[in-house]
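A quick write-up on the structure given underneath.
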Amino acid sequence: MEKESFKYITLSKENINKEHICCAFSDKKCSEGYELKKRWLNKEFENEYVFKRLDARAKVFIEYVPAEHAWAPVTAPNYIMINCFWVSGQYKGLGHGYNLLQSVIEDAKKQQKSGIITIVGTKKFHFMGDTKWFLKHGFEEIDKLPNGFSLLALKFNKNDKNPFFNDCTKKDSFQYKDGMVAYYSNRCPYTKYYVNGMLRVLAEENNIPLKVIKFESQEQAQCSPTPATIFSLFLNGEFITTDMSICTDSKFKKLLNLHNERISK
């Protein structure tokens, strides 16, 4: 596969109905979530949301938006927020990540933005960007939370003020202390099936109270107690994971065992 043959396309209201969105395009069990993600994108295009992908049947894409319109509890005026960013399988190591990031940098500079930010795990979190890769490409950590989230920035002007996580993520005021709480949104085509389907079944089978909270608006997401508004799972008031594969029987039981062992010590 030659680099010069690479072609990237940007989704829009005009082509969203005929173009795929990379994730879950052939996964029948997530077909409803797939359509919900498309509807979410169609609405967010009005907020200058950008979805750019390789012109192929592949998971090679980047999503970004002016940070003022990001579905995340971050204050970052005049910055661009990178959301999902994924290069998978046989497409790794071919320069796609670099190409897509450069396109965001060029766009941000053209708009005279102060820089680019993204939310990651201090250590790699599922369904979030690769922390080491971003740091390697000039980003720096400008804020972090005790539960393992980091806010990274690529600043064009070092004298500009740093963006930061909103207070709703920092206060010890998580109101649900008993049982399990799952936060999610339609930002990902997998969430509908795994959260509202599998997770509910597993919680019931294991006699665990479960509260599911869906972010329906930008405003709700910006007041979230978790920066991971695609999916975040809490257990007895403690943040557990951003990994939706926890909604499978073996991983779910392993999670419960580890949690019980930790609190019993």
Side-chain angles (χ1 to χ4, degrees), residues 8 10-12 40-41 43-53 60-87 95-125 127-171 185 187 215 217-230 232 242:
Y8 303 97
T10 300
L11 301 190
S12 65
W40 183 87
L41 282 170
K43 184 177 179 181
E44 293 306 305
F45 287 149
E46 297 173 7
N47 293 322
E48 301 177 70
Y49 200 91
V50 177
F51 187 114
K52 185 174 291 187
R53 67 165 176 82
V60 181
F61 67 102
I62 194 164
E63 301 177 40
Y64 62 97
V65 67
E68 294 87 344
H69 296 300
W71 282 46
V74 169
T75 296
N78 203 43
Y79 278 79
I80 290 289
M81 167 79 80
I82 292 177
N83 287 326
C84 290
F85 185 13
W86 195 2
V87 177
H96 290 301
Y98 176 82
N99 292 345
L100 290 169
L101 177 59
Q102 287 305 306
S103 73
V104 182
I105 293 173
E106 290 171 10
D107 196 4
K109 288 183 174 179
K110 184 179 179 180
Q111 297 180 51
Q112 298 185 320
K113 297 294 186 181
S114 298
I116 300 168
I117 60 170
T118 192
I119 299 169
V120 297
T122 303
K123 294 183 179 179
K124 180 73 172 73
F125 279 175
F127 293 90
M128 306 197 86
D130 187 324
T131 310
K132 290 183 179 179
W133 190 91
F134 278 113
L135 294 174
K136 178 182 175 182
H137 285 81
F139 284 73
E140 59 180 326
E141 184 181 72
I142 55 172
D143 199 4
K144 63 180 179 179
L145 300 174
N147 55 14
F149 289 99
S150 290
L151 183 62
L152 305 185
L154 180 65
K155 297 177 67 176
F156 301 151
N157 184 345
K158 297 297 181 182
N159 294 323
D160 284 349
K161 290 183 179 179
N162 283 343
F164 54 87
F165 286 118
N166 294 342
D167 286 346
C168 53
T169 65
K170 299 177 181 180
K171 296 177 181 177
S185 67
R187 285 181 53 205
F215 297 115
S217 70
Q218 178 188 123
E219 291 75 21
Q220 287 178 348
Q222 290 178 353
C223 295
S224 165
T226 170
T229 59
I230 285 179
S232 288
T242 62

(request) Please step through side chain to side chain contact (heavy atoms under 4.5 Å, CB included) for the pair T118 and F134, ending with a clear verdict. (result) CA-CA 9 Å; T118 192; F134 278 113; 3.9 Å; yes

(request) Any chance you could lay out the side chain to side chain contact (heavy atoms under 4.5 Å, CB included) test for N83 and V65, step after step, and finish with the verdict? (result) CA-CA 8 Å; N83 287 326; V65 67; 3.9 Å; yes

(request) Go through the steps to decide whether F139 and I116 satisfy the test side chain to side chain contact (heavy atoms under 4.5 Å, CB included), and finish with yes or no. (result) CA-CA 9 Å; F139 284 73; I116 300 168; 4.0 Å; yes

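Interatomic distance, Y49 OH to R187 CZ, rounded to the nearest 0.5 Å: 5.5 Å. Atom CD of residue Q222 and atom OG1 of residue T229 lie 9.5 Å apart, to the nearest 0.5 angstrom. A distance of 9.5 Å separates CD1 of I117 from CG of L152, quoted to the nearest 0.5 Å. Here the straight-line distance linking atom CZ of F125 with atom CD1 of I119 works out to 11.5 Å at 0.5 Å rounding. The distance from atom SG of C84 to atom CZ of F51, rounded to the nearest 0.5 Å, is 8.0 Å. Here I142 contributes atom CD1 and L154 contributes atom CG; the two are 10.5 Å apart, rounded to the nearest 0.5 Å.
Between Y8 and K52 the shortest heavy-atom distance is CB-CG, 4.2 Å. The two atoms that bring S224 and C168 nearest to each other are O-SG, 3.1 Å, heavy atoms only. In plain terms, the two heavy atoms of Q218 and A70 that are nearest each other are CG-O, 4.0 Å. Here the closest heavy-atom approach between residue S150 and residue E141 is recorded as OG-OE2, 2.6 Å. Across Y79 and S114, no two heavy atoms sit closer than the pair CE1-CB, 3.6 Å.
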Would you be so kind as to tabulate the donor-acceptor pairs closer than 3.5 Å made by side chains of residues 101-109, with sequence neighbours excluded?
unit_1 : atom_1 : unit_2 : atom_2 : d
S103   : OG     : L100   : O      : 2.6
D107   : OD1    : Q111   : NE2    : 2.9
D107   : OD2    : Y64    : OH     : 2.7

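A donor-acceptor contact shorter than 3.5 Å links the side chain of T122 to the backbone of G148. Remark: the backbone N or O of Q112 is paired with a side-chain donor or acceptor of N78 at under 3.5 angstrom. A donor-acceptor pair is defined here as one N or O able to donate and one able to accept, closer than 3.5 Å; such a pair exists between the side chain of K155 and the backbone of D160. Listed for the D130 side chain is no donor-acceptor partner under 3.5 Å among the backbone atoms of K124.
A search for side chain to side chain contact (heavy atoms under 4.5 Å, CB included) contacts involving L145 returns N147, F149, F165, T169, K170, P227, not counting sequence neighbours. Not counting sequence neighbours, the partners of E140 by the salt bridge (charged side-chain N to carboxylate O under 4.0 Å, His left out) test are K158.
In this structure, W40 has its ring center at least 6.0 angstrom away from the ring center of F215.
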